[in-house]
2 protein chains.
Amino acid sequence: MPQPPDPNIFQKHNHRSCRSSGMKEARAFCKAQGLRLTPVRARVLEILLESHKALGAYDILARLKEDNLGSQPPVVYRALEFLVGNGFAHKLERLNAFAACCQPDAAHEPMFLICQNCRKVAETPLQPIGREIDRAAADLGFAVVSRMVEVTGTCPTCQAGT
Amino acid sequence: MPQPPDPNIFQKHNHRSCRSSGMKEARAFCKAQGLRLTPVRARVLEILLESHKALGAYDILARLKEDNLGSQPPVVYRALEFLVGNGFAHKLERLNAFAACCQPDAAHEPMFLICQNCRKVAETPLQPIGREIDRAAADLGFAVVSRMVEVTGTCPTCQAGT
DNA sequence: GCCTGTGTTGTTATAACATTACATTACCTA
DNA sequence: TAGGTAATGTAATGTTATAACAACACAGGC
Ligand SMILES: [Zn+2]
Ligand SMILES: [Zn+2]
Ligand SMILES: [Zn+2]
Ligand SMILES: [Zn+2]
């Protein structure tokens, strides 16, 4: 049974379940939505789910090559476009890198906590901060379409390590 | 005399004064800090100050070439590193582009409002939102080093235009 | 004035990230 | 099983950014 989703991947957690439930949820969602989780797309998602770390597109591509699942950049970028577009993964703009989504609820808007030391990425809900952002924007007459909040720093593990 | 700093560049404003006071403040600050605002650096800052738009490094480089002030990427990236490092400009991670800072106070931490239509970029103080971000991060045991908030949408002018 | 260290710029090359374009294949459905 | 749509394979190219080293400029001490 799927354990309650604890979004804090910095905590010690049963990571095997992150991986298997991530794939399972993705398969179920795709089936329900009539989306095709093809071998390339599934493998890219698996690769991202293997860690909670941000991976560059070319890192992922190298892994795909090992599995003979495509060796040219468009292959991985198309898979990532699908995964990001359907909420299975996120792009981290600061790093030009990608990470699996930890809580692929229908519509969630996360902020990202990126460890500078280990590149692990945690998500936490942007609301209610997002509303404050909108308010600040509205003060300048700006109509918000999308918000991006990326925080860098040190995860609990890496803090303890030193 | 320097007009009171209205950070909302979306408002109609005396833009000539943005440009001249931006350069003047930069020169004064560099003098005070023993920094060298060399011709290349000054020209890059001027180019950024000419508009409030985000410019790619290679766009800036093209302008530098016209002035015979360096034609290779490292020239512009080094100048941008200097300007960003000293608070005269900012990098917009979402766009991989750069914009002049509108309020080069000693230490200010802005969030950015980026118009998808015209690429103009406004800054507005991140506080008190930043504190909320820190609190959300602390809930996960994460030690924040730097926050980045970039909002995309439509500026007042571009809203009116349609 | 000249040496010398430090910081800046010039230049070449290359790394890293991403897309266009078009041919081919797989899948669905009528 | 034919035809349409979605996905993939592949080559080429575009865009953003850095490494490495040579040359030059400026400042302070001799
Ligand atoms: Zn997510
Ligand atoms: Zn860490
Ligand atoms: Zn202005
Ligand atoms: Zn605009």
Side-chain angles (χ1 to χ4, degrees), chain A residues 26-27 30-48 53-86 88-99 114 119 148 150, chain B residues 26-27 30-31 33-48 53-86 88-99 114 119 150:
Chain A
R27 288 192 197 287
C30 286
K31 192 155 211 170
Q33 301 291 311
L35 300 170
R36 293 171 55 192
L37 192 62
T38 61
V40 174
R41 293 167 175 178
R43 185 66 189 118
V44 171
L45 181 54
E46 271 177 6
I47 289 166
L48 290 175
K53 298 188 181 181
L55 296 180
Y58 281 74
D59 297 331
I60 298 167
L61 183 56
R63 306 280 305 275
L64 281 184
K65 267 184 203 165
E66 292 171 5
D67 302 350
N68 292 311
L69 271 174
S71 59
Q72 305 302 325
V75 173
V76 69
Y77 279 103
R78 285 189 292 229
L80 287 167
E81 182 183 25
F82 172 86
L83 295 173
V84 171
N86 291 290
F88 303 127
H90 298 291
K91 176 165 188 185
L92 301 156
E93 301 286 352
R94 255 183 137 157
L95 301 178
N96 295 317
F98 300 84
I114 305 166
R119 276 177 81 96
M148 193 202 53
E150 291 181 9
Chain B
R27 288 192 197 287
C30 285
K31 193 154 209 173
Q33 301 290 311
L35 300 170
R36 292 172 56 192
L37 193 61
T38 61
V40 174
R41 293 167 176 177
R43 184 70 189 117
V44 171
L45 180 54
E46 270 178 5
I47 289 166
L48 291 175
K53 299 189 179 179
L55 296 180
Y58 282 74
D59 297 330
I60 298 167
L61 183 55
R63 305 282 305 275
L64 281 185
K65 268 184 202 165
E66 292 171 5
D67 303 350
N68 292 309
L69 271 174
S71 60
Q72 304 303 324
V75 173
V76 69
Y77 278 102
R78 286 189 291 228
L80 287 167
E81 182 183 25
F82 173 86
L83 294 173
V84 171
N86 291 290
F88 303 126
H90 297 292
K91 176 166 189 185
L92 301 156
E93 300 286 352
R94 261 184 132 157
L95 302 178
N96 294 317
F98 300 84
I114 305 166
R119 278 176 80 96
E150 290 181 10

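Per chain, numbering begins at 1; letters A, B, ... match sequence-line order. All values below come from the heavy atoms of this structure, side chains included, with hydrogens, waters and symmetry mates left out.
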Donor-acceptor contact present, side-chain B:Glu150 to main-chain B:Glu93, <3.5 Å
yes
Are the side chain of A:Arg41 and the backbone N or O of A:Arg36 linked by a donor-acceptor pair below 3.5 Å?
yes
Expected output is a numbered-order residue list: members of residues 33-47 of chain B with a heavy atom under 4.0 Å from any atom of DNA chain C. What is it?
B:Arg36, B:Thr38, B:Val40, B:Arg41
Please report, rounded to the nearest Å, how far the C1' atom of C:dC27 is from the NZ atom of A:Lys31.
15 Å
Between A:Val75 and B:Pro73, who's closer to the 5' end of DNA chain D by nearest nucleotide?
A:Val75
B:Arg119 side-chain N/O to B:Lys53 backbone N/O, donor-acceptor pair under 3.5 Å
no
Cationic N near anionic O, under 4.0 Å, B:Arg78 to B:Glu81:
no
To the nearest Å, how far apart are B:Gln72 CD and D:dA23 C1'?
15 Å
For A:Tyr77 and C:dT19, is the shortest distance between a side-chain N/O and OP1 or OP2 below 4.0 Å?
no
Rounded to whole Å, please give me the gap between CD1 in B:Ile60 and C1' in D:dT16.
12 Å
Minimum side-chain heavy-atom gap A:Leu48-A:Leu80 below 4.5 Å
yes
Please state how far atom CG in A:Leu61 lies from atom P in D:dT10, giving the value in whole angstrom units.
12 Å
Below 4.0 angstrom from OP1 or OP2 of C:dA18, is there any side-chain N or O of A:Lys91?
yes
Could you state the CG-P distance from A:Asp59 to C:dA16, rounded to the nearest angstrom?
10 Å
Note, B:Leu35 side chain near B:Phe82 side chain (heavy atom, < 4.5 Å)
yes
Length of the line joining A:Lys65:NZ and D:dG9:P, which is rounded to integer Å
13 Å
Can you check whether any acceptor in the base of C:dA15 is under 3.5 Å from a donor in the side chain of A:Tyr58, or vice versa?
no
Side chains of A:Leu64 and A:Ile47: closer than 4.5 Å at any heavy-atom pair?
yes
Atom CG of B:Leu80 and atom C1' of C:dT9: how far apart are they, to the nearest Å?
15 Å
May I ask you to evaluate whether A:Asn96 reaches the phosphate of D:dT16, defined as a side-chain N or O under 4.0 Å from OP1 or OP2?
no
Just how far, in rounded Å, is C1' of C:dA16 from CD of A:Glu93?
16 Å
Taking the nucleotide of DNA chain C with the nearest heavy atom to each, does A:Gly56 or A:Pro74 sit closer to the 5' end?
A:Gly56
From C:dG10, D:dA11, D:dA17, nucleotide with atom closest to B:Arg78 side chain:
C:dG10
